[in-house]
Amino acid sequence: MVARMASALIVLAALCAGTLLGAYMLKPKLGPYPNYEPEVELEYLYIRIFNTTVAINGVGPQNATMASFMAVIKVGNPYNDTDILPSTVAIHVPQDVDYEESNASTVTFTATISIKEKGSQVPSGGSPPNDSVEIIKSGDGFAYGFTNDLILDHGVVRFSLRDISSVIPRNSDAYVMISGTVPLPELWGKNVRTWFHGGSWAYVVISIDGKALGNNLEVKGTSDYVLILKVRLTHEGNEYWYGSIPKVVLDNPTDILVIIPKGVTT
């Protein structure tokens with residue numbers, strides 16, 4: 001009897017130890033990950049509005065208003081012990097934006113927020129920013145929404161989380177190129193200048209979703225970020241642009257992602 005009890009206790013102890021070890025190994029999956037925010041900047045944005053004759057939904061030819069665009073977004077990894085693997089990098093040019101803080105109970109990290117305009121709502125009008133770019137809000141831990149996105153759902157680059165060639169190494173910057181041509185709804189085409197507020201400025205929303213990786217490429221957290229900007233534009237006719245394309249991007253025109261060490265002149 002004593003031997004059986006001792007054997008049972010050993011088995012029970014082994015089961016408990018196995019359960020604790022399994023819980024420890026699965027710990028990152030049992031709760032929310034911490035967030036490792038990248039550094040995000042808009043380097044260049046170009047938009048051209050033009051009319052053409054095309055087939056739409058297989059019916060044509062029809063008169064249509066199109067928007068061609070190109071954006072260069074700088075995504076920096078400021079961490080010296082963490083790599084960043086983006087899953088999506090997206091840019092939007094909405095006619096107006098709105099945002100609100102997310103439910104604090106679902107947010108496990110502190111949002112880094114920079115607000116240069118007073119009030120809880122972003123104004124729908126007003127004068128252009130004093131500088132080339134004004135940060136309306138940045139960081140994470142808040143939800144955002146918008147209506148009438150000029151670029152629609154075409155302003156998104158998706159990366160495979162299984163492709164480590166898309167990893168942004170620690171203490172490195174990456175330039176992400178997004179481009180495309182979008183057919184605009186007829187009503188939007190007639191009122192397209194409302195996006196550019198008299199040709200002076202536009203709202204630009206940049207969002208990053210990704211993973212933070214440790215030394216052995218294990219997932220140690222998320223890397224999500226949202227940046228809402230008010231961007232002063234230069235325009236000529238139906239062409240609108242901001243900034244300039246970095247030389248390193250011009251040297252690699254076919255690459256969607258160009259990675260360089262921090263501090264390297266571009």
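Position 1 is the first residue of the sequence, and the numbers go up from there.
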Check your understanding: What heavy-atom pair brings S172 and I168 nearest, and what distance separates the two atoms?
Key -> O-CG2, 3.9 Å
Check your understanding: How close do N77 and P169 get, heavy atom to heavy atom, and via which atoms?
Key -> ND2-O, 3.1 Å
Point to revise | Centroid-centroid under 6.0 Å between Y242 and Y44 rings | key: no
Review point. If we only count heavy atoms from C-beta on, is the W195 to D96 side-chain gap below 4.5 Å?
Key: no
Check your understanding: Does any donor atom in the side chain of K211 or S223 lie under 3.5 Å from an acceptor atom in the other side chain?
Key -> no
Check your understanding: Going by heavy atoms in the side chains, are L213 and V219 under 4.5 Å from each other?
Key -> yes
Point to revise | Y240 and H235 aromatic ring geometry - parallel, tilted or perpendicular at 30°/60° bounds | key: parallel
Check your understanding: Do any N or O atoms from the side chain of R232 and from the backbone of P129 form a donor-acceptor pair under 3.5 angstrom?
Key -> yes
Exercise for review: Look only at the side chain of D83 and the backbone of R170, and say whether a donor-acceptor pair between them is shorter than 3.5 Å.
Suggested key: yes
Exercise for review: Return yes when atom CD1 of I259 has more than 12 non-hydrogen atoms of other residues, nucleotides or ligands closer than 6.0 Å, and no otherwise.
Suggested key: yes
Exercise for review: Would you check if V97 and K137 make a side-chain contact, meaning some heavy-atom pair closer than 4.5 Å?
Suggested key: no
**Study point:** Side chain proximity check, Y175 to V249, heavy atoms < 4.5 angstrom
**Key:** yes
Point to revise | I73 vs I91 side-chain heavy atoms within contact, under 4.5 Å | key: yes
Review point. With distance as the sole criterion, is a donor-acceptor pair present between the side chains of N51 and T65 under 3.5 Å?
Key: yes
Practice item. Could you pull out the closest heavy-atom pair between P183 and L152, with the gap in Å? Key: O-CD1, 3.7 Å
Review point. For V40 and I208, which heavy atoms make the closest approach, and how far apart are they?
Key: CG2-CG1, 3.9 Å
Check your understanding: Under 3.5 Å, is there a donor-acceptor pair between the D209 and S87 side chains?
Key -> no
Exercise for review: May I have the step-by-step check of side chain to side chain contact (heavy atoms under 4.5 Å, CB included) for I84 and V167, ending in yes or no?
Suggested key: CA-CA 6 Å; I84 291 176; V167 167; over 6 Å; no
Review point. Heavy-atom distance under 4.5 Å between the side chains of F159 and T88, does that happen here?
Key: no
Review point. What is the ring orientation for H197 with Y203, classed by angle as parallel under 30°, tilted 30 to 60°, or perpendicular over 60°?
Key: perpendicular
Review point. Under a 4.5 Å cut-off applied to non-hydrogen side-chain atoms, are L85 and S166 in contact?
Key: yes
**Study point:** CD/E218: more than 12 non-hydrogen atoms of other groups inside 6.0 Å
**Key:** yes
Review point. Which atoms form the tightest heavy-atom contact between D149 and W188, and what is the distance?
Key: O-CZ3, 3.2 Å
Review point. With a cut-off of 6.0 Å (strictly less than), are more than 12 heavy atoms of other residues, nucleotides or ligands near CD1 of I164?
Key: no
**Study point:** Nearest non-hydrogen partners of L257 and M177, listed with the distance
**Key:** N-CE, 4.3 Å
Review point. Do side-chain atoms of Y79 reach the backbone of E37 as a donor and acceptor pair under 3.5 angstrom?
Key: yes
Check your understanding: After noting the C-alpha distance and the side-chain angles of I206 and V226, does the key distance pass the side chain to side chain contact (heavy atoms under 4.5 Å, CB included) rule?
Key -> CA-CA 6 Å; I206 301 171; V226 178; over 6 Å; no
Review point. Under 3.5 Å, is there a donor-acceptor pair between the side chain of D173 and the main chain of P261?
Key: no
Exercise for review: Verify side chain to side chain donor-acceptor pair (under 3.5 Å) between T222 and N35, making sure each step is shown before the conclusion.
Suggested key: CA-CA 5 Å; T222 56; N35 192 60; 2.7 Å; yes
Practice item. Would you check if there is a donor-acceptor pair between the side chains of Y46 and E239 at a distance under 3.5 Å? Key: yes
Review point. Any ion pair linking E39 and K262 (charged N to carboxylate O, less than 4.0 Å)?
Key: yes
Point to revise | ILVMFWY cluster, M66 and I178 together (side-chain gap under 4.5 Å) | key: no
**Study point:** W241 side chain to I47 backbone, donor-acceptor under 3.5 Å
**Key:** no
Study note, to complete from the structure: Taken to the nearest 0.5 Å, the spacing of L233 CG from K230 NZ works out to 12.0 Å
Check your understanding: Between V156 and V89, is any pair of side-chain heavy atoms under 4.5 Å apart?
Key -> no
